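Structure, as structure tokens:
These figures come from a predicted structure and were not determined experimentally.
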Amino acid sequence: QVQLVESGGGLVQAGGSLRLSCAASGRTFSSYAMGWFRQAPGKEREFVAGISWNGRSTTYADSVKGRFTISRDNDKNTVYLQMNSLRPEDTAVYYCAQSRVSLVRRTTTEYDYWGQGTQVTVST
């Protein structure tokens, strides 16, 4: 059974940084693409960033491009999201997800497993 456990969320002032981590277990981590999504109150879950199985291909939502960086360590079965220059509109619950394929994906339907989420709150 696949388990994804996020950590690193919290409260930060606008302009600050946070690093989210997601530890995976249950199947061969290095075979699958990983992604980060977020959901703000009253809004649909949206794609934030994705990374291919080997880390060589990444993709970002336009709203975070240039500020967020996704990376992975296959030896540690962990994916990261470095978030810089945070804005109040980045406030949301952030979810880690594991795809059913190895190539990078952007839509929720292409991800099999989800973590429980970690809250990120950016104050003005």
Side-chain angles (χ1 to χ4, degrees):
Q1 183 177 357
V2 174
Q3 285 192 325
L4 303 174
V5 180
E6 301 100 334
S7 61
L11 174 64
V12 64
Q13 288 189 329
S17 298
L18 282 175
R19 188 195 196 202
L20 305 183
S21 299
C22 172
S25 62
R27 65 179 182 180
T28 307
F29 177 77
S30 58
S31 295
Y32 302 98
M34 299 293 295
W36 287 96
F37 292 75
R38 67 187 181 187
Q39 188 166 18
K43 295 188 176 181
E44 292 188 354
R45 191 170 297 189
E46 64 174 1
F47 172 79
V48 174
I51 189 166
S52 62
W53 66 279
N54 60 3
R56 293 178 181 174
S57 179
T58 59
T59 185
Y60 298 90
D62 287 345
S63 58
V64 307
K65 202 172 294 183
R67 300 187 297 122
F68 291 10
T69 302
I70 187 171
S71 61
R72 66 189 296 162
D73 185 336
N74 285 345
D75 291 333
K76 296 182 178 179
N77 289 355
T78 302
V79 63
Y80 306 97
L81 186 67
Q82 178 67 43
M83 305 186 295
N84 299 329
S85 302
L86 282 161
R87 305 167 180 169
E89 54 264 40
D90 294 319
T91 296
V93 177
Y94 282 72
Y95 297 91
C96 166
Q98 187 174 74
S99 178
R100 64 179 66 96
V101 298
S102 60
L103 301 180
V104 66
R105 291 291 184 265
R106 297 175 64 95
T107 61
T108 57
T109 56
E110 294 174 297
Y111 287 81
D112 282 340
Y113 297 99
W114 296 82
Q116 82 288 351
T118 185
Q119 177 71 46
V120 171
T121 303
V122 184
S123 64
T124 55

Q. Around Glu89, counting heavy atoms of other residues, nucleotides and ligands shown, do more than 12 lie under 6.0 Å from its CD?
A.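 More than 12 within 6.0 Å, yes.
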Where is the tightest heavy-atom contact between [X] and [Y], given as atom of each residue plus distance?
{"X": "Ala40", "Y": "Ala92", "value": "N-CB, 3.8 Å"}
{"X": "Leu20", "Y": "Tyr94", "value": "CD1-CB, 3.6 Å"}
{"X": "Tyr111", "Y": "Gly50", "value": "OH-CA, 4.4 Å"}
{"X": "Val122", "Y": "Arg87", "value": "CB-O, 3.2 Å"}
{"X": "Ala14", "Y": "Pro88", "value": "CB-CD, 4.1 Å"}
{"X": "Gly117", "Y": "Val93", "value": "CA-CG1, 3.8 Å"}

When rounded to the nearest 0.5 angstrom, what is the spacing between [atom1] in [X] and [atom2] in [Y]?
{"X": "Gln119", "Y": "Leu11", "atom1": "CD", "atom2": "CG", "value": "9.5 Å"}
{"X": "Glu6", "Y": "Trp36", "atom1": "CD", "atom2": "CH2", "value": "5.5 Å"}
{"X": "Gln13", "Y": "Leu86", "atom1": "CD", "atom2": "CG", "value": "11.5 Å"}
{"X": "Glu110", "Y": "Phe47", "atom1": "CD", "atom2": "CZ", "value": "10.0 Å"}
{"X": "Tyr95", "Y": "Cys22", "atom1": "OH", "atom2": "SG", "value": "13.0 Å"}
{"X": "Arg72", "Y": "Asn54", "atom1": "CZ", "atom2": "CG", "value": "8.0 Å"}

Using a distance-only test with no angle check, is there a side-chain donor-acceptor pair under 3.5 angstrom linking [X] and [Y]?
{"X": "Arg27", "Y": "Gln98", "answer": "yes"}
{"X": "Thr59", "Y": "Arg106", "answer": "yes"}
{"X": "Asp73", "Y": "Thr78", "answer": "no"}

Going by heavy atoms in the side chains, are [X] and [Y] under 4.5 Å from each other?
{"X": "Met83", "Y": "Ser17", "result": "no"}
{"X": "Cys96", "Y": "Gln116", "result": "no"}
{"X": "Phe68", "Y": "Asn84", "result": "no"}

Q. Are Arg19 and Tyr80 in a cation-pi setup, meaning NZ or CZ lies under 6.0 angstrom from the ring centre and within 45 degrees of the ring axis?
A.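 Yes, Arg19 sits over the ring of Tyr80.
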Q: Kindly confirm or rule out a cation-pi arrangement of Arg45 over Trp114, judged by NZ or CZ under 6.0 Å from the six-membered ring centre and within 45° of its axis?
A: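 The answer is yes; both the distance and angle limits are met.
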**Q.** Verdict with supporting geometry, Tyr32 and Val101, side chain to side chain contact (heavy atoms under 4.5 Å, CB included)
**A.** CA-CA 5 Å; Tyr32 302 98; Val101 298; over 6 Å; no
Donor-acceptor pair, distance only, cut-off 3.5 Å: does the side chain of [X] make one with the backbone of [Y]?
{"X": "Thr28", "Y": "Ser30", "value": "no"}
{"X": "Thr118", "Y": "Gly9", "value": "yes"}
{"X": "Asp90", "Y": "Thr121", "value": "no"}

hydrophobic_cluster_shared for [Y] and [X], side chain cutoff 4.5 Å:
{"X": "Phe29", "Y": "Ile51", "answer": "yes"}
{"X": "Leu18", "Y": "Val79", "answer": "yes"}
{"X": "Val5", "Y": "Val2", "answer": "no"}
{"X": "Val120", "Y": "Val64", "answer": "yes"}
{"X": "Val48", "Y": "Tyr60", "answer": "yes"}

Q) How far apart are the C-alpha atoms of Ser52 and Arg105, what are their side-chain angles, what is the distance that settles it, and do they pass the side chain to side chain contact (heavy atoms under 4.5 Å, CB included) test? A) CA-CA 8 Å; Ser52 62; Arg105 291 291 184 265; over 6 Å; no
Q. Would you call Asp62 and Lys65 a salt bridge, using N to O less than 4.0 angstrom?
A.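 A salt bridge is present here (some side-chain N lies under 4.0 Å from a carboxylate O).
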